[in-house]
Amino acid sequence: MGSPWIAAKVAGIVVSLAAAAPVTLTHAAEPGAAIATRALNADLLAHDSATEVLRRWCASRRLADPPLIKAVRETSAEKPADRQTRALLQVRANEPVRYRRVRLVCGSHTLSKADNWYVPDRLTPDMNRQLDQTETPFGFVVKPLGYHRIRLVATILLDRYGQAKAGQGVLQHKALLVTPEGLPFSFVVETYTSDIATINPAGR
């Protein structure tokens with residue numbers, strides 16, 4: 001399952017998708033929201049764990065003490081994996097793929113909303129239990145896998161005036177999480193809210 005053949009095949013899919021939907025960075029004007037959004041985007045692009053980036057963001061702005069990130073599940077949401085998602089995850093048509101939609105919250109602030117399709121058979125039983133029964137973010141749950149992130153699309157959603165469009169958030173990332181051997185186990189779509197771009201760092 002973790003063979004170089006699979007890693008190469010996954011890489012091929014990623015290259016194909018990236019060519020069809022290149023990374024888009026729409027540079028807006030320079031109000032505070034635009035500066036914060038671009039800073040967050042750069043931080044996310046430089047690290048494998050989006051949850052850890054949000055934890056540091058939460059801590060620097062003193063949004064909660066301690067600065068914990070909770071994954072509040074939307075249990076009524078359901079989006080079966082489509083053909084493209086299954087191709088990215090390298091799963092057969094009859095292989096289970098679970099869907100999990102959460103709001104990542106720090107204190108009273110919703111920092112992002114995440115859609116996550118993952119392969120439960122590629123996680124441990126305890127990881128699956130945590131995902132089903134706790135508010136622990138996905139990135140923290142699967143940290144023992146030593147995964148890394150293959151970035152597919154990063155889009156700043158602000159208009160040319162540096163304002164967020166109603167209901168769209170300020171930034172969206174799409175990524176594939178893979179094991180050190182190159183085996184994909186999760187496809188995520190993360191949309192960062194306008195809340196995250198309007199909170200100033202502590203002391204400013």
Side-chain angles (χ1 to χ4, degrees), residues 1-2 10 13-14 17 21 40 44 47-58 64 67-155 157 167-180 182-193 195-196:
M1 295 295 287
V10 170
I13 293 172
V14 172
L17 179 60
L40 174 64
L44 290 166
H47 296 89
D48 286 318
S49 174
T51 310
E52 181 57 30
V53 170
L54 289 183
R55 189 199 64 77
R56 292 198 306 272
W57 193 271
C58 178
L68 298 176
I69 302 294
K70 294 183 180 180
V72 180
R73 295 188 62 187
E74 296 184 11
T75 55
S76 61
E78 186 59 42
K79 291 183 182 179
D82 60 19
R83 183 177 299 179
Q84 185 181 63
T85 298
R86 285 185 168 274
L88 283 168
L89 292 172
Q90 288 292 289
V91 294
R92 298 179 296 275
N94 62 346
E95 191 169 353
V97 175
R98 289 186 185 172
Y99 173 73
R100 187 176 189 248
R101 179 175 173 83
V102 301
R103 291 184 298 112
L104 291 178
V105 174
C106 183
S108 61
H109 299 277
T110 296
L111 304 182
S112 73
K113 298 179 180 180
D115 296 282
N116 183 1
W117 292 265
Y118 65 96
V119 185
D121 290 348
R122 297 175 186 173
L123 308 182
T124 67
D126 184 61
M127 289 176 184
N128 283 305
R129 181 195 62 77
Q130 290 185 65
L131 293 172
D132 288 340
Q133 300 178 13
T134 77
E135 293 184 328
T136 307
F138 189 85
F140 288 169
V141 170
V142 301
K143 185 177 180 179
L145 295 178
Y147 70 90
H148 65 274
R149 171 178 292 232
I150 298 176
R151 297 158 186 86
L152 305 179
V153 182
T155 308
L157 302 174
Q168 290 192 13
V170 298
L171 175 66
Q172 185 178 86
H173 278 206
K174 297 181 181 181
L176 194 65
L177 305 186
V178 303
T179 67
L183 180 65
F185 61 88
S186 170
F187 170 59
V188 294
V189 179
E190 302 156 342
T191 303
Y192 298 87
T193 71
D195 211 11
I196 203 166

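The distance from the CD1 atom of Ile150 to the CG atom of Asp48 is 10.0 Å, given to the nearest 0.5 Å. Considering NE2 of His173 and CZ of Arg151, their distance stands at 8.5 Å, rounded to 0.5 Å. Atom-to-atom distance recorded for Gln168:CD and Thr193:OG1 is 13.5 Å, nearest 0.5 angstrom. Atom CG of Leu104 is separated from atom CD of Glu135 by 11.0 Å, given to the nearest 0.5 angstrom.
Side-chain contact between Leu123 and Leu145: present, with at least one pair of heavy atoms (C-beta onward) separated by less than 4.5 Å. Taking the side chain as every heavy atom from C-beta outward, Pro67 and Trp57 never approach each other to under 4.5 Å. Considering only heavy atoms from C-beta on, Leu111 comes within 4.5 Å of Ile69 through its side chain. The shortest side-chain heavy-atom distance between Arg122 and Val91 falls under the 4.5 Å cut-off.
Applying the side chain to side chain donor-acceptor pair (under 3.5 Å) test to Thr134 and every residue at least two apart in sequence or in another chain returns Thr136. Partners of Asn128 according to the side chain to side chain donor-acceptor pair (under 3.5 Å) rule, which considers only residues two or more places apart in sequence or in another chain, do not exist here. Under the rule for a side chain to side chain contact (heavy atoms under 4.5 Å, CB included), the partners of Pro96 that lie at least two apart in sequence or sit in another chain are Pro120, Asp121. Every residue two or more places apart in sequence or in another chain that forms a side chain to side chain donor-acceptor pair (under 3.5 Å) with Ser186 is listed here: Asn116. The salt bridge (Lys or Arg N to Asp or Glu O under 4.0 Å) check on Asp126 picks up Arg129, with sequence neighbours excluded. For the side chain to side chain donor-acceptor pair (under 3.5 Å) test, no residue two or more places apart in sequence or in another chain qualifies with Arg86. Under the salt bridge (Lys or Arg N to Asp or Glu O under 4.0 Å) criterion, Arg98 pairs with Asp132, not counting sequence neighbours. Every side chain to side chain contact (heavy atoms under 4.5 Å, CB included) that Asp82 has, sequence neighbours left out, goes to Gln84, Thr85. By the salt bridge (Lys or Arg N to Asp or Glu O under 4.0 Å) test, Arg101 pairs with Glu74, Asp115, sequence neighbours left out.
Within the structure, the disulfide (SG to SG under 2.5 Å) test picks out the following pairs touching residues 103-142 (sequence neighbours left out): Cys58-Cys106. Within the structure, no pair that satisfies the ring pair (Phe, Tyr, Trp, His ring centres under 6.0 Å) test touches residues 73-94, not counting sequence neighbours. Counting only residues at least two apart or in different chains, ring pair (Phe, Tyr, Trp, His ring centres under 6.0 Å) contacts with residues 115-142 comprise Tyr99-Trp117, Trp117-Phe187, Tyr118-Phe138.
Nearest heavy-atom pair across Leu89 and Phe185 is CD2-C, 3.7 Å. When every heavy atom of Ala81 is checked against every heavy atom of Val97, the shortest pair comes out as CB-CG1, 3.8 Å.
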query: Does the salt bridge (charged side-chain N to carboxylate O under 4.0 Å, His left out) test come out yes or no for Glu190 and Arg149, once each step is laid out?
result: CA-CA 13 Å; Glu190 302 156 342; Arg149 171 178 292 232; 3.0 Å; yes
query: Going through the checks in order, is the side-chain contact (heavy atoms from CB on, under 4.5 Å) test met by Gln172 and Val189?
result: CA-CA 7 Å; Gln172 185 178 86; Val189 179; 3.8 Å; yes
Subject >> Derivation and outcome, side-chain contact (heavy atoms from CB on, under 4.5 Å), residues Thr110 and Val105 >> reply: CA-CA 4 Å; Thr110 296; Val105 174; 3.9 Å; yes
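When atom types are taken as modelled, the side chain of Thr191 and the backbone of Gly169 share no donor-acceptor pair closer than 3.5 angstrom.
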